[in-house]
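Written out below as structure tokens is the structure these notes cover.
So you know, we letter chains A, B, ... as the sequences are listed, proteins then strands, and number each from 1.
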There are 2 protein chains.
Amino acid sequence: MKERPITIKDIARELNISVSTVSRALRGLPDVNAATRRSVETLARKLDYHPNAVALSLVKSKTYTVGVIIPNFVIHFYSSAIGGIQDVLSQAGYNIMICQSNENYDTEVANVQTLLNSRVDGLIVSQSKETEDLAHFSAVIDKGVPLVSFNRTLDGLHASRVEVDDYQGAYHAVEYLIRTGYRRIAHIAGPQNLQLSRHRYQGYLDALNSCQLTTEDAYIRYCDFSIESGRKAMHELLLLPDMPDAVFVVSDYPAYGVIAELKARGINIPDEVAVIGFTDEPFSSLIEPTLTTVSQPTYEIGRETARLFLQQLEDPDHFEPQQRTLKTELKVRNSTQRV
Amino acid sequence: MKERPITIKDIARELNISVSTVSRALRGLPDVNAATRRSVETLARKLDYHPNAVALSLVKSKTYTVGVIIPNFVIHFYSSAIGGIQDVLSQAGYNIMICQSNENYDTEVANVQTLLNSRVDGLIVSQSKETEDLAHFSAVIDKGVPLVSFNRTLDGLHASRVEVDDYQGAYHAVEYLIRTGYRRIAHIAGPQNLQLSRHRYQGYLDALNSCQLTTEDAYIRYCDFSIESGRKAMHELLLLPDMPDAVFVVSDYPAYGVIAELKARGINIPDEVAVIGFTDEPFSSLIEPTLTTVSQPTYEIGRETARLFLQQLEDPDHFEPQQRTLKTELKVRNSTQRV
DNA sequence: TTGTAGGCGTTATCAA
DNA sequence: TTGATAACGCCTACAA
């Protein structure tokens, strides 16, 4: 049933010439008789010959495949970024092999090994929320395999990275809240092992400080990016004697949970409590009230990541780790806009 | 910088034995001296040896990689299904290589070729909305390469497929509308080259007929699964002299557009117009009003697809195309629930 | 312009 | 129990 694909051997035999000639003809190298070339091309087309990429990879020690590790691709941020990665990479002739860590450290470590065994030409990664030890990534770099991280970037490693200005984004968001009249501003922060969480947290703190507003420990809660964890954090905040009048949430998903909790309790958004998220997931403009959020150029993040990656791949000799920081934009919507 | 990975040759040389012995020892074959085996294993671990999957693929004519082609992975349905596919496949030792057709026929054709060149062990696909000619897929089957389709399944091909009962799902949804008291029920249908669109359409028609309700051509509109196209279709329906009092939409995304349009016009949902979608995307329970919809087991669809695929892959001799039809479930929410 | 030989990393076959 | 040798499909010298 399953017939062996056509090889250059088949063509060579049929034409009574050597495989090297066929190889040369097919690759359009000079030094091959025009007539020979034509007959080879004709037969190749007729037999529907396609070069075996596996064999090619073996001789070239290059698979034209790049491994991508992300926490999860049901999150729009990641699927969109991957779209950008894929568009740039496929145009350059590369395929991608995607692994999900499912936010799990052990899975992530296993993913790295799997991809390395497949001899991918390099890795593009966004770490899991659990990951603290980066040894599995630095081992990759030590092997001389190109690696670039995006979004949840790898701090302290000798590798390129693409991120947004989390600090500025957070700062502006909170500053805007203050300007709009909110005073008791809480923060639902992300896992603190992630740089992005720390930066957004710091932006929040500095914005408050710059306006002489005190920061209260009780106003800081943590979540893990899930809707449910955001809802839980909001629930706790509502128990406070002096309830906040605004919440800056580390990401949109938990912000959805915040909105759900507030609505369930009949608390008006934004009159009683304002909410700001981060990322601008598509649903943020559909939810009720529409969510004010710090928008990230997700697709462009992917493209830029891929570009940095290609740059390193194609000129590994003068490689110097680069850091790209893309701009965010505050999208003001109804969750903060008092009417 | 980039050092060559360790090979069995390196191990053989260092130990002064032949590569075949090393190979055997590493694979745990019998007929190898216990002491030899131990020294090989020790050295392999010490050198951090990992077999080159590319070389293995070449000799085995098997890459342990399966190609997946989907329209788009920012749609939750697909990213979730892929999660299921990946979980089942990776447990069986397979990697996946994902391509997006971006709903474009030419891209889809190119994807097939790319994947075939990479010598994937098989294909799992969901066709683009544009695709009418299935020749590129039947060519795959003719080559003896396992192929299974899901969701947007390939009608008429000798291949396994996994779908939900679109007809029943639609029928029940519309029947429910009628039972609830709606009478002028419109349908925003999907591209008619897709079987799923036709089945949902037919379910709609039959449900109306079974209740002696007339079906009016003016009540049938088309969309392409985008939010915008749903909005546009609703806009047209509102122009009718006898506006519908309910709309059954082929999918959730265009249903979001329908809701947006109705809200923009100040038309009450569900009192003036009820809306039902299909799929149950996560947003559907967050949007306001929450969307009544025909829920699909997206993750399970992926798992089942992968299982069917593995079955064929592991026993290609007794392969018979199979068709799995999973159940849907009507999720009643506020977009149809008169209060 | 074309062919031969060797190699990429591994397995399989056969002989020792 | 181990070692040559050929093979997977292709490319790269080098030789003719």
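- Between the side chain of B:Ser101 and the backbone N or O of B:Glu108, no donor-acceptor pair lies under 3.5 Å.
- Distance, B:Leu26 CG to C:dG9 C1': 13 Å, rounded to whole Å.
- Spacing between atom CG of A:Asp31 and atom P of C:dT1 amounts to 6 Å, rounded to whole angstrom units.
- Across all strands shown, B:Leu56 has heavy atoms under 4.0 Å from sugar-phosphate atoms exclusively, and none from any base.
- Taking every nucleotide of DNA chain D with any atom under 4.0 Å from a non-hydrogen atom of chain B, the first and last of them, 5' to 3', are D:dT1 to D:dG9.
- Going from atom CD1 of B:Ile98 over to atom CG of B:Leu115 covers 10.5 Å, rounded to the nearest 0.5 Å.
- A straight line from CG of A:Leu15 to C1' of C:dG3 spans 15 Å, rounded to a whole angstrom.
- Between B:Arg152 and B:Glu103, at least one side-chain nitrogen of the basic residue sits less than 4.0 Å from a carboxylate oxygen of the acidic one, meeting the salt-bridge criterion.
- Rounded to a whole Å, the NZ atom of B:Lys9 is 7 Å from the P atom of C:dG7.
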Enumerate the protein-to-nucleotides 12-16 of chain C contacts in which both atoms are nitrogen or oxygen and the separation is below 3.5 Å.
residue	atom	partner	partner atom	Å
C:dA12	OP1	B:Lys60	NZ	3.2
C:dA12	OP2	B:Arg27	NH1	2.7

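- Every residue was checked against the salt bridge (charged side-chain N to carboxylate O under 4.0 Å, His left out) condition with A:Arg38, not counting sequence neighbours, and none meets it.
- Classification of the B:Tyr105-B:His136 ring pair by plane angle, with boundaries at 30° and 60°, yields perpendicular.
- Note that the two end axes of the helix from C:dT1-D:dA16 to C:dA16-D:dT1 enclose an angle of 50°, each drawn from 5 base pairs, rounded to 10 degrees.
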Please report, to 0.1 Å, the donor-acceptor pairs under 3.5 Å made by any side chain of residues 23-32 of chain A, with sequence neighbours excluded.
residue	atom	partner	partner atom	Å
A:Ser23	OG	A:Arg27	NE	3.3
A:Ser23	OG	A:Arg27	NH2	3.0
A:Arg27	NE	A:Ser23	O	3.3

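- Under the rule for a side chain to side chain donor-acceptor pair (under 3.5 Å), A:Ser149 has no partner lying at least two apart in sequence or in another chain.
- Phosphate contact (OP1/OP2 of C:dT10, side-chain N/O of B:Ser57, threshold under 4.0 Å): absent.
- Taken residue by residue, residues 43-53 of chain B places heavy atoms nearer than 4.0 Å to DNA chain C at B:Tyr49, B:Pro51, B:Asn52.
- In this structure, B:Ser39 has no side chain to side chain donor-acceptor pair (under 3.5 Å) partners at least two apart in sequence or on a different chain.
- In this structure B:Glu130 satisfies the salt bridge (charged side-chain N to carboxylate O under 4.0 Å, His left out) test with no other residue, sequence neighbours excluded.
- Taking the six-membered ring for Trp and the full ring otherwise, the centers of B:Tyr78 and B:Phe73 sit at least 6.0 Å from each other.
- In this structure, the salt bridge (charged side-chain N to carboxylate O under 4.0 Å, His left out) partners of A:Lys62, at least two apart in sequence or on a different chain, are A:Asp121.
- Judged by closest nucleotide on DNA chain D, B:Asn16 is the one of B:Asn16 and B:Arg119 placed further toward the 5' end.
- Atom CD1 of B:Ile11 is separated from atom C1' of C:dT10 by 12 Å (rounded to the nearest Å).
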Which donor-acceptor pairs under 3.5 Å do side chains of residues 82-91 of chain B form with protein atoms, sequence neighbours excluded?
residue	atom	partner	partner atom	Å
B:Asp87	OD2	B:Tyr299	OH	2.5
B:Ser90	OG	B:Gln86	O	3.2

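- For A:Arg161, the salt bridge (charged side-chain N to carboxylate O under 4.0 Å, His left out) partners at least two apart in sequence or on another chain are A:Asp155, A:Glu163.
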